[in-house]
Undergrad: 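Can you read through this structure? Questions will come right after.
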Amino acid sequence: MKRGGTAVGSRLIVPEDSWRRIGGMGGRGQLKTPASESSGSGGTFMSAKLSSKEQKKLEKLDRMRHSMAHVMAAGVLKLFPDAKIAIGPPIENGFYYDFDLPRKLTPEDLPVIEGYMAEVIKEDNPFEKQVISRDEALKFFAGQDYKVELINDLPEDVELSFYKMGDFTDLCRGPHVESTGRLNHQGFKLLSIAGAYWRGDEKRPMLQRIYGTAWGDPKQLKAHLEHLEELEKRDHRKLGKELDLFSLQEKAGPGLVYWHPKGARIRVAIEDFWRQEHYKNGYEMVFTPHVGKSWLWETSGHLDFYAESMYPNMVMDKADYYAKPMNCPFHVMIYNNGKYSYRDLPLRWAELGTVYRYERSGTLHGLMRVRGFTQDDAHLICTPDQMQEEIREVLRFSLFMLRSFGFEEIAAYLSTMPEKAVGEPERWDAAQASLKEAIEAEGLDYDIDEGGGAFYGPKIDLKVKDALGRSWQLSTIQFDFNLPDRFDMTFTDSDGAEKRPYMIHRALLGSLERFFGVLIENYGGAFPVWLSPVQVVVIPVAATFDDYAKEVVKEMRLKGIRVQADLGNDRLNHKIRYHQTQKVPYMLVVGEREQESRSVNVRIRTGEKSDLPLDEAVKMILKKLEEKDLP
RNA sequence: GCCAAAGUAGCUCAGGGGUAGAGCAACGCUCUCGUAAAGCGUAGGUCGUGAGUUCGAAUCUCACCUUUGGCUCCA
């Protein structure tokens with residue numbers, strides 16, 4: 001495969017999800033996304049930072065979208081008078097409503113429903129609120145099982161209200177717009193149909209959900225739809241194919257990533273930088289096995305709490321082996337293989353460790369959620385005295401790494417002690433205080449998720465905002481009060497006593513696979529020069545100049561530049577077009593003029609052109625490499 | 001895992017009970033070319049896998065695999 005075509009399609013972009021912990025264990029229930037994630041339009045990064053004016057605007061949009069959900073339900077009831085209706089809240093950029101319908105919806109139903117909705121809007125029906133007693137409400141919704149359940153589940157002291165709009169009445173807390181005329185009949189679009197469990201519970205009935213987007217006017221709707229198109233263009237799965245970066249192959253197992261040579265070039269660039277910076281920051285590298293005997297996972301507790309996320313056992317010599325879902329027990333094994341004193345600490349051990357986790361088939365998603373991935377993992381083992389300094393340093397290091405990859409907007413989330421937790425409260429307090437202190441020292445915006453930490457320790461997560469305004473959780477710094485106990489880790493303190501060290505897990509980029517996916521989408525495949533798989537292509541205007549082109553390649557390759565000549569039989573225009581679609585940062589066109597003056601005509605990916613002496617061009621490119629800049 | 005949709009050449013897709021199609025890419029030849037697609041030709045497919053219906057299946061049925069959109073944003 002060499003030259004890919006283009007693709008068009010239409011689908012919703014998935015909100016960022018893949019929330020990966022790096023250490024400890026426990027079920028999925030312990031995963032918590034930071035608070036303040038979901039509200040607002042256009043993807044609010046830090047809801048707390050919104051001005052009151054922006055807040056008001058959002059409230060207005062939310063109200064409009066909520067009303068739009070009612071309008072859609074009214075439209076669906078016209079199509080299916082027997083439909084059972086569930087819930088229909090406003091969401092980011094739009095709304096949805098869940099239905100229990102007599103037949104499966106098809107995409108062809110959506111325009112029909114849209115038509116009904118436009119009619120309802122034009123009718124300019126007022127939204128009328130009426131407070132209603134529980135009995136009346138139950139009577140009204142007799143047969144509407146979901147509504148009945150909702151009513152019964154509402155606390156006794158809550159005032160129930162109905163909103164009536166035309167002949168559609170819904171149990172609703174409101175608020176709504178005054179009347180449907182306030183909605184823009186050209187400002188909404190139904191986007192997709194999806195299955196959704198009633199109340200998100202997989203043991204309950206599967207409902208049909210219709211998602212829609214709604215805006216104040218057609219212009220905003222258009223802008224939003226264009227934004228969705230842009231997201232689609234940048235989809236890492238699409239770009240991964242077009243730029244020949246990676247693949248996932250069903251024959252060989254879902255959720256397992258193949259890094260092709262061009263993707264591997266990028267990964268190696270990332271890893272080289274990563275190792276170099278870790279050594280500069282006082283880390284040591286370790287390498288640990290991919291599998292370990294059950295003793296390890298019994299001791300760590302993974303087999304008790306994490307088994308359903310692990311690949312099943314392999315039996316060899318009558319012993320059970322498991323592929324590692326986390327690196328931490330192995331790092332602990334290295335620690336416990338020796339004896340350390342306070343003089344040896346802190347230890348900072350890093351590993352690009354590949355782990356395997358069973359993810360449910362329906363949750364796999366390109367590089368973003370996979371079953372085998374490489375964490376840029378490290379464990380810090382230190383004395384209580386060193387803890388604060390270690391946290392501050394690791395946070396500083398995280399920010400440096402993220403910024404090196406072009407992410408400038410970074411926010412922190414601090415998750416604190418949950419109800420069920422291991423470790424003494426004093427240790428939690430000390431750890432939380434040091435996390436908070438470090439965040440403040442770096443001047444980061446942050447939110448606190450009270451009680452949102454894992455049972456084994458508090459943590460800081462860092463989220464970055466990408467070029468399209470989406471936020472991605474990448475770094476995580478987590479205390480672990482569990483493994484040191486379970487593995488009985490100790491160090492000898494200055495008073496000769498054996499004491500328990502602090503252990504901190506951390507991943508800066510998260511997983512290389514996911515980080516790669518984020519990078520691809522952030523740059524839309526047009527990477528900074530230092531990450532570009534092919535940095536320079538030399539194109540002779542005719543075969544007569546092949547030798548000079550080869551000479552230019554040789555010269556640049558010696559300088560460490562990833563360069564190749566395109567000596568194919570194709571036309572110049574064709575070659576330029578191809579390498580442009582491959583988003584190669586620099587094309588050097590060479591012909592008679594250039595050969596005679598030992599120069600090159602530099603065509604930058606942006607379309608800019610300039611004539612430069614060969615050695616100047618080399619210098620310019622090396623500078624961009626050094627600065628990790630775009631071309 | 002569950003619901004829905006999809007899987008046809010390396011890529012993007014059309015077709016649809018009766019000999020498998022296009023464009024791009026690949027390969028060959030011609031042209032020797034100055035900044036986003038030269039021309040002609042050749043080759044390329046167990047139509048996701050397996051079973052079934054049928055004289056005949058890529059097409060219809062069923063099962064499985066994989067992919068895609070969703071599955072705690074609460075009346």
Side-chain angles (χ1 to χ4, degrees), chain A residues 1-15 29 33 37-40 62 66 85-96 98 104-107 137 141 146-154 158 160-163 170-174 191-211 235 237-238 241-242 244 248-255 308 358-366 539-545 569-581 587-594 601-603 607-609:
Chain A
M1 195 264 294
K2 198 178 163 196
R3 305 183 180 191
T6 51
V8 193
S10 72
R11 77 187 99 79
L12 263 180
I13 299 304
V14 195
T33 42
E37 252 285 88
S38 55
S39 67
D62 264 9
H66 193 174
I85 56 176
I87 56 166
I91 54 174
E92 189 173 340
N93 301 328
F95 58 92
Y96 69 78
D98 287 345
K104 305 296 176 195
L105 287 169
T106 66
F141 278 121
Y146 305 102
K147 292 293 177 190
V148 168
E149 182 179 329
L150 288 171
I151 294 165
N152 285 329
D153 282 0
L154 285 169
V158 170
L160 298 188
S161 58
F162 275 9
Y163 273 85
D170 200 359
L171 174 75
C172 184
R173 148 173 79 193
L191 295 175
S192 61
I193 303 160
Y197 295 107
W198 169 232
R199 296 193 148 180
D201 182 345
E202 55 194 79
K203 295 190 184 68
R204 321 247 6 220
M206 176 69 71
L207 304 175
Q208 298 193 70
R209 174 174 297 180
I210 304 177
Y211 281 98
D235 189 313
R237 294 165 301 185
K238 184 164 136 61
K241 229 181 244 179
E242 285 171 9
D244 198 13
L248 295 144
Q249 306 199 32
E250 76 165 270
K251 285 191 197 95
E308 65 179 35
Y358 174 76
E359 300 281 356
R360 297 156 107 209
S361 56
T363 61
L364 298 175
H365 179 82
I539 307 173
V541 299
T544 333
F545 310 105
N569 194 25
D570 290 312
R571 259 39 185 186
L572 175 67
N573 278 343
H574 191 270
K575 291 177 183 176
I576 286 175
R577 182 184 153 82
Y578 172 66
H579 297 295
Q580 189 72 36
T581 61
M587 284 178 243
L588 307 183
V589 177
V590 297
E592 194 174 359
R593 293 197 299 270
E594 289 77 13
N601 180 271
V602 182
R603 184 189 208 280
E608 266 177 89
K609 281 167 284 198

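Chain letters run A, B, ... following the sequence lines, proteins first, then strands; residues in each count from 1.
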Undergrad: Hey, could you give me the OH/CZ distance between A:Tyr197 and A:Arg204, rounded to the nearest 0.5 Å?
TA: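 One finds 13.0 Å between OH of A:Tyr197 and CZ of A:Arg204.
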Undergrad: Below the 4.0 Å mark, does B:A26 have OP1 or OP2 next to a side-chain nitrogen or oxygen of A:Tyr578?
TA: no
Undergrad: NA contact type, A:Glu594, heavy-atom cut-off 4.0 Å: base, sugar-phosphate, or nothing?
TA: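 A:Glu594: base contact, heavy atoms under 4.0 Å.
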Undergrad: Between the protein and nucleotides 28-31 of chain B, list the N/O to N/O atom pairs that are separated by less than 3.5 angstrom.
TA:
unit_1	atom_1	unit_2	atom_2	d
B:U30	O4	A:Asn569	ND2	2.9
B:C31	O2	A:Arg571	NH1	2.5
B:C31	O2	A:Arg571	NH2	2.9
B:C31	N4	A:Asn569	OD1	2.8
B:C31	N4	A:Asn569	ND2	3.2

Undergrad: Over how many whole Å does the gap from A:Trp198 atom CH2 to B:A75 atom P extend?
TA: 10 Å
Undergrad: Which nucleotide wins on minimum distance to the side chain of A:Glu592, given the candidates B:A37, B:U35, B:G34?
TA: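 Per side-chain heavy atoms of A:Glu592, the pick is B:G34.
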Undergrad: Give a yes/no on whether any side-chain N or O of A:Arg173 is located under 4.0 angstrom from OP1 or OP2 of B:A75.
TA: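 Result: yes.
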Undergrad: Just call it for A:Leu154: base, sugar-phosphate, or nothing, with non-hydrogen atoms closer than 4.0 Å on any strand.
TA: base
Undergrad: Using side-chain heavy atoms (C-beta onward) and a distance below 4.5 Å, is A:Leu150 in contact with A:Arg199?
TA: yes
Undergrad: Of the candidate nucleotides B:A75, B:U35, B:G34, which contains the atom at the shortest distance from the side chain of A:Asp170?
TA: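 Ranking B:A75, B:U35, B:G34 by closest atom to the A:Asp170 side chain puts B:A75 first.
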Undergrad: Could you state the NZ-P distance from A:Lys609 to B:U35, rounded to the nearest angstrom?
TA: 7 Å
Undergrad: In whole angstrom, give the distance that lies between atom CD of A:Glu242 and atom P of B:C13.
TA: 10 Å
Undergrad: Establish whether the base of B:U35 is bridged to the side chain of A:Arg603 by a donor-acceptor pair shorter than 3.5 Å.
TA: yes
Undergrad: If every non-hydrogen atom of A:Lys575 is compared with every non-hydrogen atom of A:Asp570, which pair is closest and at what distance?
TA: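 Reported closest heavy-atom pair: CE-O, 3.3 Å.
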Undergrad: Using a 4.5 Å cut-off on heavy atoms from C-beta on, say whether the side chain of A:Lys147 contacts that of A:Asp170.
TA: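 Side-chain contact under 4.5 Å: yes.
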Undergrad: Answer whether the closest heavy-atom distance between the side chains of A:Leu588 and A:Glu594 falls below 4.5 Å.
TA: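 Result no, sub-4.5 Å side-chain heavy-atom pair not found.
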Undergrad: Measuring to OP1 and OP2 of B:C73, would you say a side-chain N or O of A:Tyr96 lies under 4.0 angstrom away?
TA: yes
Undergrad: I'd like the C1' distance from B:C27 over to B:A43, given in whole Å.
TA: 7 Å
Undergrad: Considering just the side-chain nitrogens and oxygens of A:Lys575, establish if one lies under 4.0 Å of OP1 or OP2 belonging to B:A37.
TA: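 Checking A:Lys575 against B:A37: no side-chain N or O falls below 4.0 Å of OP1 or OP2.
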Undergrad: Please report the distance, rounded to the nearest Å, between CZ in A:Arg237 and C1' in B:U68.
TA: 7 Å
Undergrad: Which part of the nucleic acid, if any, lies within contact of A:Leu364, taking any heavy atom under 4.0 Å across all strands shown: a base, the sugar-phosphate backbone alone, or nothing?
TA: sugar-phosphate
Undergrad: What is the distance, to the nearest angstrom, from the CD atom on A:Glu92 to the P atom on B:G70?
TA: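 Whole-Å distance recorded here is 13 Å.
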Undergrad: Provide the closest heavy-atom pair for A:Ile576 versus A:Met587 in the form atom of the first, atom of the second, distance.
TA: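 Looking at all heavy atoms of both residues, the closest pair is O-CE, 3.6 Å.
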Undergrad: Can you measure A:Asp244 atom CG to B:G10 atom C1' for me and round it to whole angstrom units?
TA: 10 Å
Undergrad: Taking the same atom, P, in B:C11 and in B:G70, what whole-Å distance lies between them?
TA: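 Rounded to whole Å, the distance is 24 Å.
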Undergrad: Not counting sequence neighbours, which residues clear side-chain contact (heavy atoms from CB on, under 4.5 Å) with A:Tyr146? List them please.
TA: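 side-chain contact (heavy atoms from CB on, under 4.5 Å) check on A:Tyr146 returns A:Lys84, A:Ala86, A:Asp100, A:Trp198, A:Pro205, A:Leu207.
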Undergrad: Atom CD of A:Gln249 and atom P of B:G10: how far apart are they, to the nearest Å?
TA: 13 Å
Undergrad: Is there a side-chain polar atom (N or O) of A:His574 under 4.0 Å from OP1 or OP2 of B:A25?
TA: yes
Undergrad: Describe the nucleic acid contact of A:Gly366 in one word from base, sugar-phosphate, nothing, applying a heavy-atom distance below 4.0 Å.
TA: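 The answer is sugar-phosphate, as A:Gly366 gets under 4.0 Å only of primed atoms, P, OP1 or OP2.
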Undergrad: Hey, is the side chain of A:His365 poking within less than 4.0 Å of OP1 or OP2 on B:G69, counting only N and O atoms?
TA: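 Yes, because at least one side-chain N or O of A:His365 sits under 4.0 Å from OP1 or OP2 of B:G69.
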Undergrad: Heavy atoms only: give me the nearest A:Ala194-A:Tyr211 pair and the separation to one decimal.
TA: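 Reported closest heavy-atom pair: CB-CE1, 4.2 Å.
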Undergrad: Please give, in whole Å, the distance from B:U68 P to A:Tyr211 OH?
TA: 17 Å
Undergrad: Quick one: does A:Arg603's side chain get under 4.5 Å of A:His579's, heavy atoms only?
TA: no
Undergrad: What does nucleotides 1-7 of chain B look like as a protein-contact string, B for base, S for sugar-phosphate only, - for none, at under 4.0 angstrom between heavy atoms?
TA: BBBS--B
Undergrad: Look at the side chain of A:Ala543 and decide which nucleotide, out of B:A75, B:U32, B:G34, has an atom nearest to it.
TA: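 So the side chain of A:Ala543 is nearest to B:U32.
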Undergrad: Flag yes if more than 12 heavy atoms outside A:Glu592 fall under 6.0 Å of its CD atom; otherwise flag no.
TA: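 Counting neighbours around CD of A:Glu592, 12 or fewer heavy atoms of other residues, nucleotides or ligands fall under 6.0 Å, so no.
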Undergrad: Answer yes or no: is there a side-chain heavy-atom contact under 4.5 Å between A:Ile210 and A:Phe95?
TA: no
Undergrad: Want to settle it: does A:Ile87 or A:Ile576 sit nearer the 5' end of RNA chain B, counting the closest nucleotide to each?
TA: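 Final value for this comparison: A:Ile576.
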Undergrad: Checking all strands, does A:Asn601 fall into the base, sugar-phosphate, or nothing category for heavy-atom contacts under 4.0 angstrom?
TA: base
Undergrad: Indicate, with a heavy-atom threshold strictly under 4.0 Å, whether A:Lys251 touches base, sugar-phosphate, or nothing.
TA: nothing
Undergrad: Among the nucleotides B:A75, B:C73, B:G34, which one has an atom lying closest to any side-chain atom of A:Arg209?
TA: B:C73
Undergrad: Between atom CG of A:Leu248 and atom NE2 of A:His365, what is the distance when rounded to the nearest 0.5 Å?
TA: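 The distance works out to 10.5 Å.
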